[in-house]
Protein chains: 2
Amino acid sequence: MAARTNGNTVDQRVRCEVNGSAMVETNAPLRPEEEWTILERVFQMLADEGFLGPSTQEKPVVEFEYPEDLKERIHFPMDEQTPCGAATVERIIRQVLHYSVRTGHRHFHNQLFAGVDPYGLTGSWVTEALNTSQYTFEVGPTFTLIENAVVEKCLRLFNFGQGDGILCPGGSMSNMYAMVTARYRAVPDVKRTGVSNLPQPLVVFTSEDAHYSITKAVHWLGFGLNNLVKVKSDHRGRMIPTELEKAIESVVASGRKPFFVNATAGTTVLGAFDDFNSIADVCQRYGIWMHVDACLGGTAILSRRHKLLLSGVDRAQSVAWNPHKTLGAPFQCSIFLIKERGLLHDCNAANADYLFQQDKFYDVSYDTGDKSVQCGRKVDAFKFWLMYKARGASGLEALVDNAFDCAHVLVERLRSRNGFRLLFEAYQYTNVCFWYVPTWLRVAAAEQETPDWWQRLYSVTAAIKEQLVKRGTVLIGYVPLPHKGIGNFFRMVVTCHPRPTPESMQYIIDEIERVGEELGPRKRETINH
Amino acid sequence: MAARTNGNTVDQRVRCEVNGSAMVETNAPLRPEEEWTILERVFQMLADEGFLGPSTQEKPVVEFEYPEDLKERIHFPMDEQTPCGAATVERIIRQVLHYSVRTGHRHFHNQLFAGVDPYGLTGSWVTEALNTSQYTFEVGPTFTLIENAVVEKCLRLFNFGQGDGILCPGGSMSNMYAMVTARYRAVPDVKRTGVSNLPQPLVVFTSEDAHYSITKAVHWLGFGLNNLVKVKSDHRGRMIPTELEKAIESVVASGRKPFFVNATAGTTVLGAFDDFNSIADVCQRYGIWMHVDACLGGTAILSRRHKLLLSGVDRAQSVAWNPHKTLGAPFQCSIFLIKERGLLHDCNAANADYLFQQDKFYDVSYDTGDKSVQCGRKVDAFKFWLMYKARGASGLEALVDNAFDCAHVLVERLRSRNGFRLLFEAYQYTNVCFWYVPTWLRVAAAEQETPDWWQRLYSVTAAIKEQLVKRGTVLIGYVPLPHKGIGNFFRMVVTCHPRPTPESMQYIIDEIERVGEELGPRKRETINH
């Protein structure tokens with residue numbers, strides 16, 4: 001029997017209404033023909049718990065429990081010999097919902113992602129229900145053409161001409177694709193001979209503020225971390241192009257071969273955008289592949305007001321963008337774009353006869369699988385495609401502009417509010433970095449903020465976060481930047497969903513202030529050490 | 001407003017009932033507060049189209065359209081400047097559903113996966129709605145402990161002791177994890193110095209029947225395909241251990257260093273299980289890491305009757321298993337297990353301060369992210385955990401045994417049915433490989449089956465497949481095995497969902513026979529060339 005949203009069609013043996021929500025009546029396991037009814041009930045549970053819309057706002061962001069306590073509340077071990085029964089299945093699901101973090105809460109700002117776009121979620125539910133792989137037209141006719149449409153649209157957005165692209169399971173993978181393809185372009189023989197037979201070691205450059213996925217890729221792909229150069233960035237996190245050039249010269253002088261520069265659009269912590277035109281000039285001069293990790297900041301491309309941040313990105317050879325971050329596409333949605341058509345296929349093809357038969361009756365150029373390093377590949381394109389269709393360019397732009405506007409409001413209010421201190425004055429993206437200095441920690445104008453005082457402020461930052469989590473009122477990240485000699489500060493990230501407002505920004509300020517002040521009289525001793 | 005399954009709570013402005021299903025009334029874009037109602041409607045659409053249960057069986061497996069024709073039916077390009085309107089969104093979704101392949105149809109046997117487990121789908125819908133990342137306890141408290149439980153359960157299943165593990169976006173990634181970790185174990189310095197500085201090139205061994213992800217990993221990780229040895233397998237697709245030993249000796253003699261052997265549990269085409277004990281003996285003798293790609297065949301571990309196939313797997317250093325194949329967990333669900341605890345973290349850690357702060361107020365050993373090569377990581381564990389809870393060991397075992405039983409029924413019936421010919425007599429797993437020789441292609445006992453006759457049979461196999469797709473009655477794969485000098489044959493894969501039956505097996509036989517016979521009088525000419 002198909003699950004139906006009209007309760008009357010569902011077998012009464014297993015259902016009753018409790019507080020308006022579907023619940024199973026007995027704890028007998030469902031019969032095979034009843035199993036699909038669980039979907040209707042889980043829909044209701046998600047709605048009850050507020051996960052399908054704004055009503056999640058009435059709940060705490062998280063009901064925090066320490067790991068060991070959470071293990072007391074939910075039976076995690078998989079030791080069931082027999083089916084656990086329909087009512088137990090429901091109870092388990094409700095427990096998981098109850099103790100999970102509400103990333104869709106308006107006061108969740110802990111990561112570079114937050115709530116989902118409802119059209120995106122719609123798309124991902126469809127994808128899950130249709131359960132297929134993205135590798136051939138044969139088993140994914142609609143999804144193959146949809147991925148093509150997404151790639152083509154993104155190529156136009158980033159002014160990447162007649163390039164190519166692929167959806168990847170996350171930005172780390174997209175960045176790794178870039179490095180593998182660049183290596184193949186630099187030394188096509190590497191596919192056959194490997195890295196070990198090269199006359200010179202290949203060297204990768206990235207900024208010290210860039211994402212750690214570049215480090216992991218350099219390790220995985222066999223270059224070795226000795227062949228990764230982290231270029232100095234300025235106080236706002238932007239790679240310094242003259243430093244890049246110096247670093248390249250030094251690597252050349254050492255007899256090694258620079259082949260890949262990773263520039264960043266929206267660094268993880270500070271939201272910095274590198275100067276792509278200057279970096280492109282350098283890369284061009286030395287014949288080095290330029291990749292832009294725009295996983296975070298690529299979303300600015302959707303806004304006419306903010307796309308200037310990405311000026312020069314079209315001079316790169318490849319770019320990675322994650323609509324699953326700021327834009328609110330559900331996890332995972334990462335797009336890798338490359339300017340040279342055909343290279344992705346040549347680099348990655350393994351010509352598996354069993355999957356990509358050349359004697360199929362349709363045009364096998366629609367089978368995209370052999371340009372992928374994956375075999376089975378989740379359909380990640382549909383959710384973004386549907387978001388675009390439903391909202392249009394203007395709707396997405398409005399969401400992006402609103403996130404920028406709210407980040408601006410936040411900066412202005414932090415600047416003018418006593419006790420708050422911005423890490424620096426002007427933020428390029430929607431990341432806003434700051435401290436709160438409680439009244440009990442403030443020093444008189446004549447006194448000095450000693451290193452010890454700063455250490456106390458860093459501890460206070462972590463302590464405020466702890467209290468926020470335990471109250472469940474706000475989730476906001478704190479971060480140190482050791483390479484700049486800076487300890488913990490708050491990194492607030494403003495995203496598109498759920499739509500932020502000036503009021504939701506104000507709430508963060510008020511709540512951090514309240515918690516910071518309360519810490520003083522009660523907890524000063526423990527913070528002070 | 002939360003979407004509710006009770007239609008009364010949904011804004012009447014945008015809804016009306018058409019044939020019992022929710023439809024929007026106007027094509028105005030939804031207001032922000034109405035957007036979440038799309039979820040209720042897509043639920044209904046999926047139910048109407050039969051994607052949420054057995055009623056998908058009433059539809060064709062696929063409404064096939066050639067790519068160019070499909071582009072006429074669905075507007076794929078993303079060129080909407082403004083929102084396309086609520087009714088259009090629904091129309092688009094219905095179109096996508098209509099032209100997608102029904103992998104949950106009982107006559108879909110085209111891939112190593114098929115329909116989803118309804119509990120698995122429930123889990124993945126929850127995961128999508130809760131949209132979080134698997135990297136820290138902070139944002140995934142329940143899911144972190146659930147992934148731990150899944151890893152622990154799998155370690156017990158595979159008798160891997162106090163090992164470690166991680167969920168990966170697919171088997172290719174799991175196999176790549178194995179190779180990276182083995183390399184780090186063999187030469188820890190490789191993380192720092194890379195592959196290029198090693199005294200000897202490192203060499204990987206796999207069988208000629210193994211999955212192509214090994215080839216892709218050897219390329220990506222910088223070893224080079226010259227350093228991949230494909231070991232001969234027997235006629236049933238099993239690596240020949242003496243051939244492995246010969247190959248290792250020859251590599252050693254060439255001055256290179258064997259460091260990784262990939263054995264396979266359930267090869268992609270023939271479903272072959274390598275002799276793990278013999279391979280382990282060889283690996284032990286030469287001090288080589290043994291990995292088992294059990295992406296397909298690992299599911300046998302759930303059955304007391306069939307787990308013998310995996311005998312000796314616990315002598316490997318690592319194993320990969322995809323519950324998203326035979327078992328019907330929704331895409332993507334791949335588990336990588338490793339016997340040496342701590343190695344995964346040491347190998348992959350990049351110590352990103354911004355994410356894995358060491359001064360958090362809870363035990364940060366629960367933050368699993370730094371053992372991953374990914375940063376943001378989709379929650380893939382919950383769906384499998386829920387399947388296990390809901391069905392228990394006995395329920396999953398029954399599903400697996402049923403798939404094996406039905407594969408056995410299929411083999412028996414093919415053996416005794418005129419015109420059908422098995423590739424070989426005994427299949428280890430639920431892959432069944434065969435030809436159908438239509439009456440009009442059969443040769444008299446005295447005549448010879450010439451090479452030309454075989455070429456015709458290979459073409460007929462592809463032609464039968466084409467007709468099956470166009471009728472939408474059955475989707476079944478065909479495959480050549482060039483390294484064994486064999487052209488196209490049918491590879492039928494029996495999976496757990498939707499539960500196969502002797503009748504659904506019989507249907508395949510009847511349908512292939514019917515199509516094969518019909519091809520003769522009408523299409524003989526085109527096949528004959």
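Letters A, B, ... mirror the listed sequences (proteins, then strands); counts begin at 1.
Only the side chain of B/T268 comes within contact range of chain A, with at least one heavy atom under 4.5 Å from a heavy atom of that chain. Interface remark: A/N110 contributes side-chain atoms only to the contact with chain B (heavy atom separation under 4.5 Å). When heavy atoms are compared at a cutoff of 4.5 Å, A/V42 approaches chain B solely by way of its side chain, counted from C-beta outward. For A/E138, the parts lying near chain B are the backbone and the side chain together; criterion is any non-hydrogen pair under 4.5 Å. When heavy atoms are compared at a cutoff of 4.5 Å, B/L46 approaches chain A solely by way of its side chain, counted from C-beta outward. Only the side chain of A/F137 comes within contact range of chain B, with heavy atoms under 4.5 Å apart. With a 4.5 angstrom heavy-atom cutoff, A/L221 touches chain B via backbone and side-chain atoms both. For A/A114, the part lying near chain B is the backbone, with the side chain staying farther off; criterion is any non-hydrogen pair under 4.5 Å. Proximity to chain A (any heavy atom under 4.5 Å) is shown, for B/L198, by neither the backbone nor the side chain. For a residue to count as touching a neighbouring chain, one of its non-hydrogen atoms must lie under 4.5 Å from one of that chain's; by this rule A/V139 touches chain B with backbone and side chain alike. Heavy-atom distances place the side chain of A/H211, and not its backbone, under 4.5 Å from chain B. With a threshold of 4.5 angstrom between heavy atoms, A/A462 approaches chain B through side-chain atoms but not through N, CA, C or O. For B/F113, the part lying near chain A is the side chain, with the backbone staying farther off; criterion is any non-hydrogen pair under 4.5 Å. Both the backbone and the side chain of A/Y99 come within less than 4.5 Å of a heavy atom of chain B. Using a 4.5 Å cut-off between heavy atoms, A/S172 contacts chain B through its side chain alone, with no backbone atom that close. With a 4.5 angstrom heavy-atom cutoff, B/T144 does not touch chain A via any of its atoms. Within the 4.5 angstrom heavy-atom criterion, atoms from both the backbone and the side chain of B/V116 approach chain A. Neither the backbone nor the side chain of B/N148 comes within less than 4.5 Å of any heavy atom in chain A. The contact between A/L386 and chain B is made entirely by side chain atoms (from C-beta outward), counting heavy-atom distances below 4.5 Å. Using a 4.5 Å cut-off between heavy atoms, A/P77 touches chain B through its backbone atoms (N, CA, C, O) alone. Heavy atoms closer than 4.5 Å to chain B are found nowhere in A/S334, neither backbone nor side chain.
The residue among B/L225, B/V150, B/V479 with the most heavy atom pairs within less than 4.5 Å of chain A is B/L225. Each of A/V269, A/T215, A/L70, A/V89 has some count of heavy-atom pairs under 4.5 Å with chain B, and the biggest count is that of A/L70. Counting heavy-atom pairs closer than 4.5 Å to chain A, the top residue among B/V379, B/I93, B/D189, B/N322 is B/I93. With chain A as partner, the option from B/G395, B/S124, B/G115 having the largest number of non-hydrogen pairs under 4.5 angstrom is B/S124. Heavy-atom pairs under 4.5 Å with chain A were tallied for B/W220, B/Y212, B/F76; the largest tally goes to B/W220. The candidate with the highest count of non-hydrogen atom pairs below 4.5 Å against chain A, out of B/Y458, B/Y66, B/F143, B/F382, is B/Y66. Between chain A and the residues B/Q374, B/R499, B/K71, the most heavy-atom pairs under 4.5 angstrom are made by B/R499. Counting heavy-atom pairs under 4.5 Å between each of A/K470, A/R491, A/M176 and chain B puts A/M176 at the top.
For B/K153 and A/E80, the salt-bridge test fails: no basic side-chain N is under 4.0 Å from an acidic carboxylate O.
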> Taking it one step at a time, do A/Y362 and B/E68 satisfy side-chain hydrogen bond (donor to acceptor under 3.5 Å, both in side chains)?
Replying inline: CA-CA 10 Å; A/Y362 62 83; B/E68 296 306 323; over 6 Å; no
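Judged as a salt bridge (charged side-chain N to carboxylate O under 4.0 Å, His left out), and not counting sequence neighbours, A/K191 has no contacts. Considering only residues two or more places apart in sequence or on other chains, A/E152 meets the salt bridge (charged side-chain N to carboxylate O under 4.0 Å, His left out) condition with none of them.
To the nearest 0.5 Å, the span separating NZ on A/K378 from CZ on B/F331 amounts to 9.0 Å. If you take CG on A/D117 and CH2 on B/W36, they are separated by 8.0 Å, rounding to the nearest 0.5 Å.
A 4.5 Å side-chain heavy-atom check between A/W125 and A/L39 finds every atom pair outside the cut-off.
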